[in-house]
Amino acid sequence: MLLRHTPKEITERSALMINPAKTCQPIGAMYAALGIHGCLPHSHGSQGCCAYHRSTLTRHYKEPVSAATSSFTEGSSVFGGQANMLQAIENIFAVYNPVIIAAHTTCLSETIGDDLKQIRKKAITEGKIPEGKYMISASTPSYVGSHVTGFSTMVKSMAGLAENTGKKNGKVNIIPGWVEPSDMEEIKRLTKMIGVKTIMFPDTSGVLNGPLSGEYKMFPDGGTTVEELISAGDSIGTLALGEWCSAAAARELDTKNKVPCQVLDMPFGLKATDRFIDALRIIAGVSVPDELSLERGQLVDMISDMHQYLYHKKVALVGDPDQLIAMTEFLVSIDMCPIHIVTGTPGKEFERRIKEITKDMPFAVNVRAKGDMFLLHQWIKNEPVDLLIGNTYCKYIARDEDIPLVRWGFPILDRQGHQYFPTVGYKGALRLLEKILGVLLDRKDRDDPESKFELVL
Amino acid sequence: MLLRHTPKEITERSALMINPAKTCQPIGAMYAALGIHGCLPHSHGSQGCCAYHRSTLTRHYKEPVSAATSSFTEGSSVFGGQANMLQAIENIFAVYNPVIIAAHTTCLSETIGDDLKQIRKKAITEGKIPEGKYMISASTPSYVGSHVTGFSTMVKSMAGLAENTGKKNGKVNIIPGWVEPSDMEEIKRLTKMIGVKTIMFPDTSGVLNGPLSGEYKMFPDGGTTVEELISAGDSIGTLALGEWCSAAAARELDTKNKVPCQVLDMPFGLKATDRFIDALRIIAGVSVPDELSLERGQLVDMISDMHQYLYHKKVALVGDPDQLIAMTEFLVSIDMCPIHIVTGTPGKEFERRIKEITKDMPFAVNVRAKGDMFLLHQWIKNEPVDLLIGNTYCKYIARDEDIPLVRWGFPILDRQGHQYFPTVGYKGALRLLEKILGVLLDRKDRDDPESKFELVL
Amino acid sequence: MATTTKKKIVQWDPAHVKAELLAKYPSKVARKRSKQIMINEALGNETPEIMANVRTTPGIITMRGCTYAGCKGVIMGPTRDIVNIVHGPVGCSFFAWLTRRNQTNAGTDGENYMNYCFSTDMQDSDIIFGGEKKLEKAIQEAYDLFHPRSIAVFATCPVGLIGDDIHTVTRRMKEKFGDCNVYAFSCEGYKGVSQSAGHHIANNQVFRHIVGENDEEKPGKYKINLLGEYNIGGDGFEIDRIFKKCGITNIATFSGNSTYDQFASAHKADLSAVMCHRSINYVADMLETKYGIPWIKVNFIGADATAKSLRKIAHYFGDQEFIDRVEEVIAEEMPKVLAVRTDVRTRTEGKTAMIFVGGSRAHHYQELFNEMGMRVISAGYEFGHRDDYEGRQVIPDLKVDADSRNIEELEVEADETRFNPRKSAEEIKALEDAGYKFKQYDGLAPDMENGTLIIDDLNQYEAEKLVELMKPDIFCAGIKEKYSIQKLGVPMKQLHSYDSGGPYAGFEGAINFYQEIDRLVNSKVWSYMKAPWQENPQLSATYGWE
Amino acid sequence: MATTTKKKIVQWDPAHVKAELLAKYPSKVARKRSKQIMINEALGNETPEIMANVRTTPGIITMRGCTYAGCKGVIMGPTRDIVNIVHGPVGCSFFAWLTRRNQTNAGTDGENYMNYCFSTDMQDSDIIFGGEKKLEKAIQEAYDLFHPRSIAVFATCPVGLIGDDIHTVTRRMKEKFGDCNVYAFSCEGYKGVSQSAGHHIANNQVFRHIVGENDEEKPGKYKINLLGEYNIGGDGFEIDRIFKKCGITNIATFSGNSTYDQFASAHKADLSAVMCHRSINYVADMLETKYGIPWIKVNFIGADATAKSLRKIAHYFGDQEFIDRVEEVIAEEMPKVLAVRTDVRTRTEGKTAMIFVGGSRAHHYQELFNEMGMRVISAGYEFGHRDDYEGRQVIPDLKVDADSRNIEELEVEADETRFNPRKSAEEIKALEDAGYKFKQYDGLAPDMENGTLIIDDLNQYEAEKLVELMKPDIFCAGIKEKYSIQKLGVPMKQLHSYDSGGPYAGFEGAINFYQEIDRLVNSKVWSYMKAPWQENPQLSATYGWE
């Protein structure tokens, strides 16, 4: 057994986290920052943070991930990191010449009380930020919230760039939340189909799913431009996808720039996508193109065609709140039964949403915010499931307990596809269905007795 | 064992085919016919043929497949099926009112010498084919060629509708060959991206991947219109994808309508897609949009990222000639080694192409046209492979020999996705890569000793 | 409980529905179809006449298959240790390859050719110069590779037309091999009007070439044959489980998961129990005529029907000990069945169904729907004959037409050495006087409500209309019909191959079926037909920004 | 063969390359970097001086990690039976979770915590009110759940800043448990200038808290410790295979696939063999000072180097029988190595490589490339010190700066009871006179060609420039660098975690490495960079219709 020391019997733990279902804020801030065109993320702390975040994002995307660090030394930890940060700003613009630096703090710089906003002001007055270049910052102490919080905070800082010219731009801001580059591309395809002009931020498509063409672009072609971020203040409204990932930025635009917003679930699965599309067409005042209704119908068709393999199958889920809420709704909507659901990100509201979505399920649900994968594993040992959905770390549970696994979430370190094929929208839901059915039917083909081995499924 | 009676020792067989790698012409003709908008395929033979073809296509697509039959009786087999056919034509237009009937023969009607062209003439003179309605026919004796031949023959009959007005329409005819509806959709996306106006036939997209919406359209919205088929005679050129599936129709247009043609391999994999796109942009006289070069670059990127899991892996392939030629080239191009390759469709040229593509491979290749899956299985027993690619029937070999299987080809009766997600083009190749890597890495995760179990792949 | 649903009033006017079905047809077609669409007025045994087992009209999209399908696919397909070589172009064999879900297990002898597909893959040269040589070679190659107990050859359309003498070839090979029984079936697709002719051709040859070949005594106290059970989705496995529990020895199943030897020993049984009346009743007759084995109609579809059939078998043998054992088994099995039934019924009560399959399934499955409190509002057979609708009493006056004339009827007589009436005339009479019914089948009509529609050889156009007009909660037919029905938002259950489910026979089967139908009629997916913007297309004036 | 390649003339002017690398920097940065970029002129032992082990300039995208990574990730991570609790916010523990490919097997005792990740998941309240209570509780919870032999605690940045006294907490818990050794590492990320400080902190604590804890005699005739081998991709498994074959007993590996007890018994070995000089040479010194165990530098990367190292170990012990056995093993292993080498060399001869990793790997792996006939044209360390470049002779004049000052240096002296010089001064001298070298390491520079570039703490910008200017056939570094290099069309091999391969140590490892490099430099994919329309954009006039 890979996780040979995990006992079935569950004992309460209040201090020791084992096999976390979350990581810390800064990596979220870094991922978000990569969604701005020409942006160099900067980690204000020791070298290690930056190295770890870059490594993890690189393993997840198999793409280069550039980010700078303040390279704190013991000295700077005592006397403050301002000098390092100012030096970094100077070197970054001299050597890498980004359009914008998106800096975030770490537990280190937060603990010693460094204030990036103030340092930025100093840099500006000292002329360390060249004409037409930008810097934004986010306070992302690792000991608060999770990687999701860090993402949300950095996205909120992007909203900070928004300005009001007094003239509306007729566009809708879309804040997609922490989804894959392929998902962001898909959201753009959908909005384009419906005919809504949008400003989407962040946008990592074209940044973290780049080509191999013999040239290395430190700043790839993709990403939301600073101009778009500035213009976001003139948009007619904002659709924020995901309370945890995107609501803060949307509300910032609402209060700061008077851009009204609506917070929706992330468009994973049939119903959440329905709500997203319906919201879009109402904003745009257009009718949904048949082409899109067709994609929806194809999804419904596949659900009906394969329903017998999904019906009342038990599922264990681990991931981040916004994603899990939408996924849980999707699974319930296709008559599957998500019975164990864990996120590492704190928030009671999460448990409330999940309980509400699963209330009519034939089985009771175990749900835990601020849980860990050790607990999830113990739940599974006590009530086995037919399917496990989560990040790569789930493979250790999947192999020990012999459970089919669909990799979904962050990080995925051992499979490819998430960069290129979306799971949002109707087509994305089709892909999720294909993956779920794939592992369930592979298992059936593996385990059926020879006399019941099926040609047609 | 599922195939418990298959011996490792190979003995030559000249009369008994076991576990065929092909089926008969009529089903190909029926599938092709479904790619015409408003078309009702018609099987001129006994009821059984039609029932079998509809059932198989239905199981493959999980969609309704309508087709009529002449319902031969013993009497008609003796006295000829003309009366049945004429009656059928009358009833079909009365009850189902299609735009066009695409009739094909069977071994029965061919053996007794029924001539559909002549029957069609008679129907016209007798006014059984209403104004503005059409009928085409194909001679598809089951005892010649294979389902591929039947497909090709019916597509050629479509070309028969083409007319010359003397004025070119500025379009390019694209004959995609026997690919999935999703593939045809993808080919349209690619041509549109490049900016080439096309007439593609047949086109089963929107026909065999329809929505579930509460209404049943016997004739779905998709398919090439008869008007387009007629206009194909005015096109500036024809690109035929696949020598076996599409060349005949292309050459028919060339000789009959003086529309020049070029026969390319089916665009599966990097190189074949390169040739297809290059041909298109040259015809259109445009430069390829960066968007498409990006898709290509993403494919190359993923090949390089995951190359270590592909390198020198042995593969067994079974399917149809055009598909296998392109797939073999793709596998060789990513440093995999297809060592056993079988098609059921006759044609020495197939073996020549395969040998040429695999000539620099580190292992010798076993290739057989007019082979069967029994032989493939025996080859595998004698030289095991790391991967098997083929239709659903391969699962019996895969389970017995414990080989990872990627389902690709026709028919796929036990998995979903082929209707919705293309495998042609660069994105399609990405999907193929994802699937190949998926099964190879699942196997690695299953078999690695615990001490070598990998988090990051 | 079933009665309560019976009381419900039918919501539509059957005459109107019938008229609607016929409206669009050319008059000639309409005339014919009107005879095949019967508004049920069954009262006891008087049933109005229906036209059945007649040609399908060319061009009308039928559910039917061909004679080859009935012979190779249905009857011989399920037999596991015979190498079935299809003589013809590759298609016929390919399409019948593993597509019917008739399950087999290799058993102790380890013989199982179920997963293989054998064909002579006829080429044009064979059509021109004849295929006998190739067939002979193919048989030889099969023999050399597998040394099977038996090899069967099936003719496809061209074989009959070019005149290959497959019976001579097979006889010659049988003699040559000595240890392998080889025989052929002239089941060309163009024969007859449906699969039904194929069943007949298959069963005749089985009776002629195999039955009676093994005279070894078989152990067992209560020995029966189970006729017309094809082990779709494991039905036969469940029935055998129950038989075993009851102490019944099943000598031969025709033909689910059967072996050559089972057929060869069928004459050793003391009773023939007939499931699918359509496909095999004549074999039951022949077994009685030639060997003196009486037969009864049984039905293991439906838990109550299963109990009834078991009792009927027990009473035939008459031993109190056996009768008691059967009662014990029923008492043991029924509680879990009833538990599930009661639960499921809360969700299925009063819902409506349509069944268009087979043979006998369109009749048998009404048992299960009734057990769930569901009403079958229309039904019919794909390849039934009048007696399957109206009962065996009509058999004498069935007319033989051009299509049925050439389907061989075996002439059998009592076997000189082996005829042995299992019950004396007196015993038979005594049982009958006590209300016991031998070789009786009343057909489907009497079991259906008045005013329901009974339709023979339903076609795609009529199916769609029926669903539109009568809006059933579930529709049962075959794979070809499945998705056109479901596109209308009505769940469709295959009752040929069961889609992916089963077994549905016996007690376990009833539970499976209840749950499967519950799943289908209550799946959330049927509520997703329309998108929000389709349900209310108008744009809400006040768009709810936060 | 290696010599032949040595002869080749370098294609570029190193001074020009160096100038190019510095051109874009602000003058302050340029000044500093120019001291860390050395044009090699190594002749024997005179090497020009390089600046190393100094701070990375803020804002310059470095390959380096932090002290915590060096302590927890590199040194303690590979030990399988110690529960490693990271005290801090969740990230530090999460990111070090299974990402280094240091393999372990649970062995007979079945203890293996490698796949687990333990964290105190510090929250803001802990930062404000202190985290000692939570740490104590976490240790208790770990003990109650697993009852491990030992629990280690690692400090992350905030811990030092808020002043949690982790050493007191661990001491208290150790005393409380009695049967579980608990200790802590003050490896806050901001300490030192790279992972190197973390190695030091880790090794000091291992030496202080574990080494010498178990005085049981260990069986074995030729007992050694293997220092600085981390079993990446199974390197240690391969080395142990060879040791076993030679009859060498490996008492303790620091720290690949190691156990608590191995560390505790390290003082029972008779020789310390040092692989990674950088991360552990000081432990070798301490083992000698305190217990009298001499040490030698070895290298098992490269088949020839492996043979050389085995002979060196054999000669230390001096038994002819042992020396012969080692020769047998080498004779047994080399043929397959040479067979593969010869084949692969036909495709790799003359190709060029760059290596920027580690510690010592940037040096060791040159052995393997040389064996393949490949030339290393530029190399450097990520966290090396001057002695790793120039040799141990420079150690005395290394300056201690603000960053290194606070990295503890243990003061050790001979253990009163257990100090036991394994060789007498005379024996040592005799060996040395015979050319035997104890605790000697000459560094990387002497082994590199003149005119090659040796660069310390290479950063992303310089890496890209180097590849542009010198166009190597392969580049070796870590995961962060992998894809930016490959985007340029140059294959990139990770030599920290080996990507997915390994083992590369020993004889089997050499074969694996030859084949892996062969695969990388000869993969077809590098020829696909450009599409046909990019290779010849002009439209061919005559479009080839058939």
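The sequence lines fix the lettering, A, B, ..., with proteins before strands; numbering per chain opens at 1. Note that these values count all heavy atoms, side chains included, but never hydrogens, waters or copies made by symmetry.
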>> I'd like to check C:Asp81 versus C:Phe146 (side-chain heavy atoms, cut-off strictly below 4.5 Å). Are they in contact?
In response: no
>> Please classify the contact of C:Val193 with chain B as side chain, backbone, both or neither, using a heavy-atom distance under 4.5 Å.
In response: backbone
> In terms of heavy-atom proximity below 4.5 Å to chain B, should C:Lys134 be classed as side chain, backbone, both, or neither?
Replying inline: both
>> If we define contacts as heavy-atom pairs under 4.5 Å, which of B:His5, B:Arg4, B:Arg13 has the most with chain C?
In response: B:His5
> Which ring pair (Phe, Tyr, Trp, His ring centres under 6.0 Å) pairs, counting each pair once, include a residue from residues 121-144 of chain C, with sequence neighbours left out?
Replying inline: C:Tyr143-C:His147, C:Tyr143-C:Phe177
> Is it the backbone or the side chain of C:Leu488 that comes under 4.5 Å from a heavy atom of chain B, or both, or neither?
Replying inline: both
>> I'd like to know whether the aromatic ring centres of B:Phe410 and B:Tyr31 sit less than 6.0 Å apart in this structure.
In response: no
>> Tell me if the CD atom of C:Glu535 is crowded by more than 12 foreign heavy atoms within 6.0 Å.
In response: yes
> Tell me, which pairs form a salt bridge (Lys or Arg N to Asp or Glu O under 4.0 Å) where one or both residues lie in residues 45-63 of chain B, sequence neighbours left out?
Replying inline: B:Glu63-C:Lys487
> Taking atom types as modelled, is there a side-chain donor on C:Tyr190 or C:Tyr68 under 3.5 Å from an acceptor on the other?
Replying inline: no
> Contact part of C:Asp124 toward chain B, heavy-atom cut-off under 4.5 Å: side chain, backbone, both or neither?
Replying inline: both
>> Between B:Tyr393, B:Tyr396, B:Phe93, who has the most heavy-atom pairs with chain C when the cutoff is under 4.5 Å?
In response: B:Tyr393
> Which residue out of B:Gly214, B:Ser142, B:Gly344, B:Gly75 racks up the most heavy-atom pairs below 4.5 Å with chain C?
Replying inline: B:Gly214
> Where does C:Ala142 contact chain B at under 4.5 Å (heavy atoms): side chain, backbone, both or neither?
Replying inline: both
> Between B:Ala67 and chain C, which part of the residue has a heavy atom less than 4.5 Å away: side chain, backbone, both or neither?
Replying inline: backbone
> What is the minimum heavy-atom distance between B:Thr106 and B:His44, and which atoms define it?
Replying inline: OG1-O, 2.9 Å
> About how many Å separate CE of C:Met63 and OG1 of C:Thr56, when rounded to the nearest 0.5 Å?
Replying inline: 11.0 Å
> How long is the span from the NE2 atom in C:His199 to the CD1 atom in C:Ile407, to the nearest 0.5 Å?
Replying inline: 12.0 Å
> Considering only heavy atoms, which portion of C:Ile85 lies under 4.5 Å from any heavy atom of chain B: side chain, backbone, both, or neither?
Replying inline: side chain
> Based on non-hydrogen pairs under 4.5 Å, which of C:Ser194, C:Ser484, C:Cys66 is most in contact with chain B?
Replying inline: C:Ser484
> Which bit of C:Leu98 comes within less than 4.5 Å of chain B, counting heavy atoms only: side chain, backbone, both or neither?
Replying inline: side chain
>> Can you give me the closest heavy-atom contact between B:Ser139 and B:Glu110, atom names plus distance?
In response: OG-OE2, 2.7 Å
> Top residue by heavy-atom pair count (under 4.5 Å) with chain B, among C:Lys482, C:Lys137, C:Gln123?
Replying inline: C:Gln123
>> Need one label for C:Cys157: side chain, backbone, both or neither, based on atoms under 4.5 Å from any heavy atom in chain B.
In response: side chain
>> Once rounded to the nearest 0.5 Å, what's the spacing between atom CD of C:Glu382 and atom CG of C:Asp457?
In response: 8.0 Å
> So which of B:Thr111, B:Leu212, B:Asp372 has the largest heavy-atom pair count under 4.5 angstrom toward chain C?
Replying inline: B:Leu212
> If you tally heavy-atom pairs under 4.5 Å against chain C, which of B:Pro26, B:Ala68, B:Ser14 wins?
Replying inline: B:Ser14
>> Looking only at heavy atoms and a cut-off of under 4.5 Å, which of B:Leu40, B:Val65, B:Thr73 has the most pairs with chain C?
In response: B:Thr73
> Where does C:Gln460 contact chain B at under 4.5 Å (heavy atoms): side chain, backbone, both or neither?
Replying inline: side chain
> C:Phe118 vs C:Tyr116 aromatic rings, parallel, tilted or perpendicular, using cut-offs 30° and 60°?
Replying inline: parallel
> Highest number of heavy-atom pairs under 4.5 Å with chain B: which of C:Glu136, C:Lys133, C:Glu468, C:Glu111?
Replying inline: C:Glu111
> Considering only heavy atoms, which portion of C:Arg55 lies under 4.5 Å from any heavy atom of chain B: side chain, backbone, both, or neither?
Replying inline: side chain
>> Give me the atom names and distance for the closest heavy-atom approach of C:Ala138 to C:Thr120.
In response: CB-CG2, 3.8 Å
> With only heavy atoms counted, which part of C:Ser125 is less than 4.5 Å from chain B, the side chain, the backbone, both or neither?
Replying inline: neither
